[in-house]
Structures are given as C-alpha cells and as structure tokens.
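Have a look at the structure below before the remarks.
Here is the naming used below: chain letters follow the sequence lines, and residue numbers restart at 1 for every chain.
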2 protein chains.
Amino acid sequence: MQKTLDYIHQNKDRFVEELFDLLRIASISADPAYKNDVLKCADKVAEYLQKAGVDNVEVCQTKGNPIVYGDKFINPNLPTVLVYGHYDVQPPDPIELWNKPPFEPYIEKTDIHPDGAIFARGAADDKGQFFMHLKAFEAMINTDALPCNVKFIIEGEEEVGSVSLSDFVNENKEKLSCDCILISDTSLYSMEQPTVTTGLRGLSYVEVEVEGPNRDLHSGLYGGAVPNPIHTLSRMIAQLIDENGHITIDGFYDNVQVVSLEERAEMNKLKDNVEEYKNAIGLRGVEGEKDYTTLERTSIRPTLDCNGIWGGYTGEGAKTVIPSKAYAKISMRLVPYQTPEEIIEKFTQYFHKIAPDNVKVTVNPHHGGLPYVLPIDTKEFQSAKKAMETAFGREVLPFRSGGSIPITTMFEQVLGSKCVLMGFGLASDAIHSPNEHYGLSNFFKGIESIPLFFQNYAKQ
Amino acid sequence: MQKTLDYIHQNKDRFVEELFDLLRIASISADPAYKNDVLKCADKVAEYLQKAGVDNVEVCQTKGNPIVYGDKFINPNLPTVLVYGHYDVQPPDPIELWNKPPFEPYIEKTDIHPDGAIFARGAADDKGQFFMHLKAFEAMINTDALPCNVKFIIEGEEEVGSVSLSDFVNENKEKLSCDCILISDTSLYSMEQPTVTTGLRGLSYVEVEVEGPNRDLHSGLYGGAVPNPIHTLSRMIAQLIDENGHITIDGFYDNVQVVSLEERAEMNKLKDNVEEYKNAIGLRGVEGEKDYTTLERTSIRPTLDCNGIWGGYTGEGAKTVIPSKAYAKISMRLVPYQTPEEIIEKFTQYFHKIAPDNVKVTVNPHHGGLPYVLPIDTKEFQSAKKAMETAFGREVLPFRSGGSIPITTMFEQVLGSKCVLMGFGLASDAIHSPNEHYGLSNFFKGIESIPLFFQNYAKQ
C-alpha cells in the first residue's frame, strides 16, 4: 500500500492538471445549448479511463447524453466494485456572482482550505470526485496493488435526473454486475469529523403554472378587478408550509419513516453548531419544522422548496403589467418510505385543490428519485469507514445527508448490490452555487482512501 | 369645419403611412439598450411637427430623453391649448406572444374593429394618439380653421415616470403657459358609449428584495433548515391583500376620498357587463375589494399589484437551488387624496414590519404620481364632451379611469391649467401587452374630434 500512496504523492501536480482539463469543458446537461460540450466531455472521460489503464472503454450512446463505460478484470474469484460518477454539471447561473469564469479552473486558498481549493463548476460535483477514482485506479494498477475487479460507469445526465441511466443499467445487467457500487458524490460532515453517507433523501420536482387573464394587462386599467397570477401563486406557495414548518399537502407524511428517539439522539451527537452553520452562509436565523434540529431537518425529514419563481416584468425599470401567467419550480426532498410517484400525485391533487376557481393551474412533473439508506452493519459501510479512518487518522461516523442521488435505489433494485457513498466534499463547497470549489486536501484524501477501501473490501 | 373634415378624409391613407414610420422606431424608454431608437424617434416627431406647419420646433435636451416642443401663435387674444403626448413606448416583453414583430406595424380586422386596427407596440399608447393631434392641426392649418393658439410638448419618458418632464415644465413655465392642456392617452368606455376621462388613479411603484442566505444553496443539503427567500417573499406578498380584497398596509386607506353612494350609483349607470369583461380577457372570474363593482374597483378604489416576480432558477429543466435572493416589482394605484410619497412610506414601513427576522428586506421606490380629477362643470370638460358628441353622434359621459398619467397633476400645479383627457383608445387595445393595436375608426374619430374641441373651446 505504501508504494501506491507514494505513487499518488509523486503525481499530485499532474492529477490536478488533468482534472483542470476536464473542468474546462462546460458540460451543462440542463441546457441543450451545451450539447457539444457534453459530448466532448464524455470523450475526454473515455480518453482518461484508457490512459489510466482501464480496459474495454466505450462511449455508449443513449437517447440522451452518452454513458462512459470501462472495466478491469483481474480474477473471477475476487469481488467486483462498480464505480459510478457523473461528468455533467449544473448551470452556472447566476453567472455574475462568480469571481472568475466558471469554466476556467484555478486554485485559491480559503479559511477552510489553507492548502488551496480548486474553483470551477463541477470541481466538487462531480468531476473532482469521480476523477479521484480514475487516479486511485491508475495508482493501484501502476503499483501492482489492485485487489478487486473494477468497472466504471460515468454518466452525463445526473443533474437532469439520470433519464437514460435506468434503461442502460436494465439493458446491461450482466455487463454491470458487481458486488457493490462505489460513489463519491457526497460530502463529509467536516474535515475534523469525517463521515460516510448512509442515507440520502429522495426527490420530487415539479414546475407549476398559474394563469389568470389570457393576456398581459395594464395594471392601471385592470388592477383591482382581475386575479393577478403572481398574487395567486404567492398565496398558494405560502399555503404549502404552515407556521410550524409542516408541509400541508394532504397525506404528505403518511409514509414517512419514523426515526426512533434513540437513533435521533445518536444522530445529534454530530456537532450541530447552528451559529457556525449560520455564519457559513450568512444566515440571520434558521427555520424549519418544529421540534426537529437543523441536522434532523436536513436529513430524516422531508422538505419542500421553491427553486425558482417568475412572472410579469423582470427587466430594468418599471412596467405596470398584470401578467397572464406566473410560474414556479418546486422540489420536495423525500425520506424512506416516500416515493416520488406518490408525492407528485399528492402535490398535484393538493395544488389543484387550493387553487381558486378564477385561475387555471398546471403542474408538470420533472424527474424524481427514491430515498436511500445503507445499513451500518454491512461489509460495504465497514470497508469505507475503516479506509477513511486510516486515511484521516480519526473516527469516521455514519451520516444521513439531505441531498438526493436518485440512482442509488435504482442500482440496488436492478443490480442487487449496495451503494457506498464515500464522498469527500464539504457543505461549504458551494455546489450548485457560484464559486463552486473542492479542497485539494479533500481531493487527495479521497484518492488515498479509495485503494484502502478496495483493500478492505477484497480482504473480508 | 366641413373643409377641415374633408381634408382629413382625403388624406387618411397618408396619415396612416406616416404613423407607421413612427411605429417602426423601437423607442423603449425602460431599456437603456434602445437609447438610440428613442433619440431617433424624438427627431422624427420634430420632423413631423415641422411638416404639419408647426413653428419653433425644437428637440429639447434633458437629463433623460429629449422633449419635443413646437407652437403656432395666431392671435394673443385667443386661448392657447397645450397638446401633450409621449413618443416612448413600453417594452414588448413577452416578445414570443406577439403574432408579428412589435415594431413592424400592420393593419388587421378584428371583431371589435371591423374596419381594421393598426397593430404595433405604441399604436394606441401613445404614438397613434398623439399623432392624431399633429394630423388634426395639419388639417386645421391647411383649411384656415385653426381657432386657437397651439403648443405641442411630446416627451420620451412617460413609461418610466416622466422623470425629466417636471424639471422641464418648471424651467419653461412661460414658454408652456396655456389655458388648458389637451391629452389623448386614455380610452373610451366603448365605441357605443364614448367617454371623456375625468379621473385618473395615481401611482406608487416599488421594487423589493428579500435576502435569505448570502449565497445560493443546494436545496437537498440545506432544504428544510434555511429561510428560502422565495417562500418568504410569497408569504409577504400573500399578506398584502386580505381575503376581502383589502390592502393590509397600515393606514393605506386613511386619505382615500369617500365617493358618495349617489355618485357611485351614477357611475354604475355605465354598463358594467362582467360577462363581456371576462370574455374579453379570457377570465374565469373577477376578484377584488368586497362590496365594490368591477367598475368601482378599477376607478375610485386604490389597488395593489405585483407587476413582476423573480428568483432562483428560471431556465430550462430542473435546478435544485435555494436562491440567496428573491425580488418583486409592486405597484399601487392611488385615488384622491392619497399621495405617492405617503403610500411609499407606508408600504416600506409595513413591508419591513411583516418581514421575519431571518431575512433582509430592501424596498427601492421607483416613480410615482398623484391621482387626478377634472370636474365636469368646467369649460374644458364641456368642450370635449360636445366635440365628441358631434363626432360620434351619441351622448358622451364622464368616466374615471383606473390608469395613471402622473404628469396631469404636475401640469395643473405648475402651469395652473386643467388637463382634458380626450383619449380614443379602447380597453381591448392591449396596451402594455403583446399585440397592442389601435382601431382605424378610433384614430379617425380622434382626428375629427380635435378640431371640434378647438372650435368649442375658442368659442366659449
């Protein structure tokens, strides 16, 4: 193992340079205008897999963006680890809040990252994280230290709901068969308190439209007599969450897993420093569901958030218009045993129910995903925990994250294997936000932890 | 007068062609990108004034957009009429809802306009309407029928609050001195029931900003624990109007003129056909302040409307973000004796009062304007009423409009003269909306009515 770690140490600068090349490609999957960059990025990933020594590398076409596959078989008696990642990224909006262009990576020191962090869209989510696996693999193969068979599957639609992945996995069950799935697309609780993510929330995402008059109207001539869709939509959004932070949708909590008080107490051992939390994001005060801590609100409880709202005149200056329509994007984070289908259905019914008669309401569902839980008594969890304890030299705890990786449940259902969410980001990485970054220490701790995981997992 | 009417009749086609040239200029005052078109439009107006036979034509520079002036003195013993109009237009957004490009005028027949209507941004508001005065003047001067002195003042900032006009009028009191001010920038109740506008609502316009976290956050990691500014703003907007349609701002109604039951009864003689009203704008139902008719809600009662709202991700697809900020543009229509300063003050105080502690709220006032009333026993009203009764061959009623022309009060205060709001538009003209248009009959009825007004006004 020392030879592998030495190899990593000797090639650090090149690893970063190679990652930069990947970060320079604006592989934004949400915006069709970037389709060519997405394709370019898939080819680049394939090229890097090949260079790292992976066999059978393929850029597999799908109805959407390509999926990059590759593998290395060394012995049929050894376990097989499937590494999953995604090369697509979130849109950089609002672009004006970036300190430097989002697709021109650079390194800068910060308070949290005294050794420097890589700034770019995708640095942490997920290019910087899946790239650790390529480099860890390269280090293992070049130091004769690969203890397992490995398969790679790097997709290009994670940020838009992994639309093509499910078909691909279903059509390639044998090709993708494995003993476990290793994913780095989550965060540590902190550098001082490393964690393995053992739970993820699911997701339901809808776009709603409220129509009042059939055309935009002059607010002087019509103001006071017609339903203004912005007001109606605002009132409807206001109604979705009550004064105790409860979501009001009929039956929303019906299937929510009740986490025992014991488990909640265990969970709250993780330092829940609300002051630090507030300072990190310039918050004047937290809010949320009554009788739950901030940690619980963002992990074991389902939530509802407006992710976007628009209607009427939003340009410079003043326009006195009553718009015909107002729109919002609304997402709900789910916990076991809610399902996206169930929640979309309940949301849609409720949203129509609370709509006044004088507007027309449309609800368009986007993608969704099931919540996921990895039990801590599994070989998968224990291998990851021990690997990271060696790399970090500290105790590693299980942690339930508030985010969603909808494909975890699909993998488990189709391939029959557990997902290990061994991510090395931090909550402060600003993923999905301007100035996304990924700490160099995190990047290298990740590359070091991965061969240790392989070793632990092969041994048992 | 017959000679003048004949002249108008003989030159109809040319009048429309000339107006088309004016409509082809995208003189959007709200958007600085159109500054050159605004300047080009001012020059074109000056050119047309000169061609019509107006003397002393000047394009007067201001801190903002130029004001075009011109006059014709025929006799110091005759009264002087100051004609006001504006050559700037509203932005055409949402551009995709126009059937044809907004600055390429064309004529098309509609149910309401069997003789055809001119479709273009500014067709009714206000290029088509102020242009009637240029053509009526040309007709009078070419048929030796001008019975008054005339001054023209055509500005370029009406749609953004006439910012420079007040300074200009104050600095040019003598130059602009007059007996009355004639304005065509309003609508008729209908072609069957022509009206002179005797009241206008005032305006207060603000832009508000609600900040939660200091940067955009991932809604999975943070959802459920931080104040989402879209929700906070929605709740605040929802609180501004109660379930009876009353505006909840403290003291909002303190200075509202109470219109007597007798006057309200008189006012409601105008056919208040809610079904027709609803059909014209595809409305499923009206709403508004309890115990008032639709007509009253849009004329004698103050109102509040969101004219725009935005925040978070509004592009294609799904982005799971909690935005740092959400914004809205909110306008209030005022009635006598509310003032914009008073209402901005009350709005700002109230909006801060209802804001929760965990967000930062900013209120930025835009322009405002006082409400206006023209008593019906004045020479000004009577001259307009009789002119239109001759042109239309029907009884003409006084009508209070819900819109605002903030400069009417300023004119009265600075110049000491009354404004006559003799407009020929229709509520269905879609001003400030896609597919704005102005009926050809309306255009020509206007050109015919103006010389009759001059005649009546000079006589008395």
Using the test ring pair (Phe, Tyr, Trp, His ring centres under 6.0 Å), find all partners of A:Tyr292 that sit at least two apart in sequence or belong to another chain.
none
Option in B:Gly282, B:Ala318, B:Gly402 with maximal non-hydrogen atom pairs under 4.5 Å from chain A:
B:Ala318
Contacting region of A:Pro434 [heavy-atom separation from chain B under 4.5 Å]
side chain
At a heavy-atom distance under 4.5 Å, which candidate from A:Ala30, A:Gly220, A:Ser433 has the highest pair count against chain B?
A:Gly220
Let's test your reading of the structure: which of B:Leu283, B:Asp125, B:Thr232, B:Leu240 forms the most heavy-atom pairs below 4.5 Å with chain A?
B:Leu283
What option among A:Ala238, A:Ser219, A:Ala280, A:Ser331 has the most heavy-atom pairs under 4.5 Å with chain B?
A:Ser219
Look up atom CH2 in B:Trp310 and atom CG in B:Leu233, then write down how far apart they are to the nearest 0.5 Å.
9.5 Å
Within the 4.5 Å heavy-atom criterion, are A:Leu97 and A:Asn435 side-chain neighbours or not?
no
With B:Asp185, which of B:Asp126, B:Leu421, B:Ile431 fulfils side chain to side chain contact (heavy atoms under 4.5 Å, CB included)?
B:Asp126
Take atom OH of A:Tyr34 as the centre, draw a 6.0 Å sphere, and report whether it contains more than 12 heavy atoms from other residues, nucleotides or ligands.
no
Can you tell me which portion of B:Leu217 sits under 4.5 Å from chain A's heavy atoms? Options are side chain, backbone, both or neither.
both
Is chain B contacted by the side chain of A:Val359, its backbone, both, or neither, given a heavy-atom distance below 4.5 Å?
backbone
Test side chain to side chain contact (heavy atoms under 4.5 Å, CB included) on B:Asp88 and B:Ile28 and set out the steps.
CA-CA 6 Å; B:Asp88 65 322; B:Ile28 304 163; over 6 Å; no
Check this for me, if you would: do A:Glu209 and A:Lys325 make a salt bridge, where the nitrogen-to-carboxylate-oxygen distance has to be below 4.0 angstrom?
yes
Honestly, the part of A:Leu203 sitting under 4.5 Å from a heavy atom of chain B is side chain
Most heavy-atom pairs under 4.5 Å with chain A, out of B:Pro227, B:Pro32, B:Ala430, belong to B:Pro227
Is it the backbone or the side chain of A:Tyr205 that comes under 4.5 Å from a heavy atom of chain B, or both, or neither?
side chain
Options B:Pro229, B:Ala427, B:Pro323, ranked by heavy-atom pairs under 4.5 Å with chain A, top entry
B:Ala427
Would you find more than 12 non-hydrogen atoms of other residues, nucleotides or ligands less than 6.0 Å from A:Asp357 atom CG?
no
Lys/Arg-Asp/Glu bridge criterion (N-O < 4.0 Å) met for B:Arg301, B:Glu296
no
Any chance you could measure B:Arg333, atom CZ, to B:Leu200, atom CG, to the nearest 0.5 Å?
10.0 Å
Heavy-atom distance under 4.5 Å to chain B: side chain of A:Pro91, backbone, both or neither?
both
Applying a strict 4.5 Å limit to non-hydrogen atoms, the region of A:Arg201 in contact with chain B is side chain
Within-4.5 Å side-chain heavy-atom neighbours: A:Leu188 and A:Leu426
yes
Checking heavy atoms, do the side chain of A:Asp93, its backbone, both or neither come under 4.5 Å from chain B?
both
Regarding B:Glu287 and A:Asn358, do their side chains bring together a donor and an acceptor under 3.5 Å, going by distance alone?
yes
If we define contacts as heavy-atom pairs under 4.5 Å, which of A:Gly288, A:Gly312, A:Gly224 has the most with chain B?
A:Gly224
What part of A:Val286 is in contact with chain B, defined as an atom under 4.5 angstrom from a non-hydrogen atom: side chain, backbone, both or neither?
both
Proximity breakdown for A:Glu211 and chain B, heavy-atom pairs closer than 4.5 Å
both
Most chain B-contacting option - heavy-atom pairs closer than 4.5 Å, from A:Ser234, A:Gly161, A:Gly308, A:Gly285:
A:Ser234
Using non-hydrogen atoms only, which part of A:Lys278 is less than 4.5 Å away from chain B: side chain, backbone, both, or neither?
neither
Provide the full list of ring pair (Phe, Tyr, Trp, His ring centres under 6.0 Å) pairs with a residue in residues 209-240 of chain A, sequence neighbours left out, each pair given once.
A:His218-B:His432, A:Tyr222-B:Tyr277
What part of A:Ser401 is in contact with chain B, defined as an atom under 4.5 angstrom from a non-hydrogen atom: side chain, backbone, both or neither?
side chain
A:Thr303 vs A:Arg297, side chain to side chain contact (heavy atoms under 4.5 Å, CB included): CA-CA, chis, key distance, verdict
CA-CA 8 Å; A:Thr303 53; A:Arg297 286 168 175 172; 5.7 Å; no
Tell me which of these, B:Glu207, B:Met332, B:Arg215, has more heavy-atom pairs under 4.5 Å with chain A than the rest.
B:Arg215
Heaviest contributor of heavy-atom pairs below 4.5 Å to chain B, chosen from A:Arg235, A:Glu159, A:Lys329, A:Glu289, is A:Lys329
Heavy-atom pairs under 4.5 Å with chain B: which of A:Thr314, A:Asp216, A:Asn307, A:Leu304 has the most?
A:Asn307
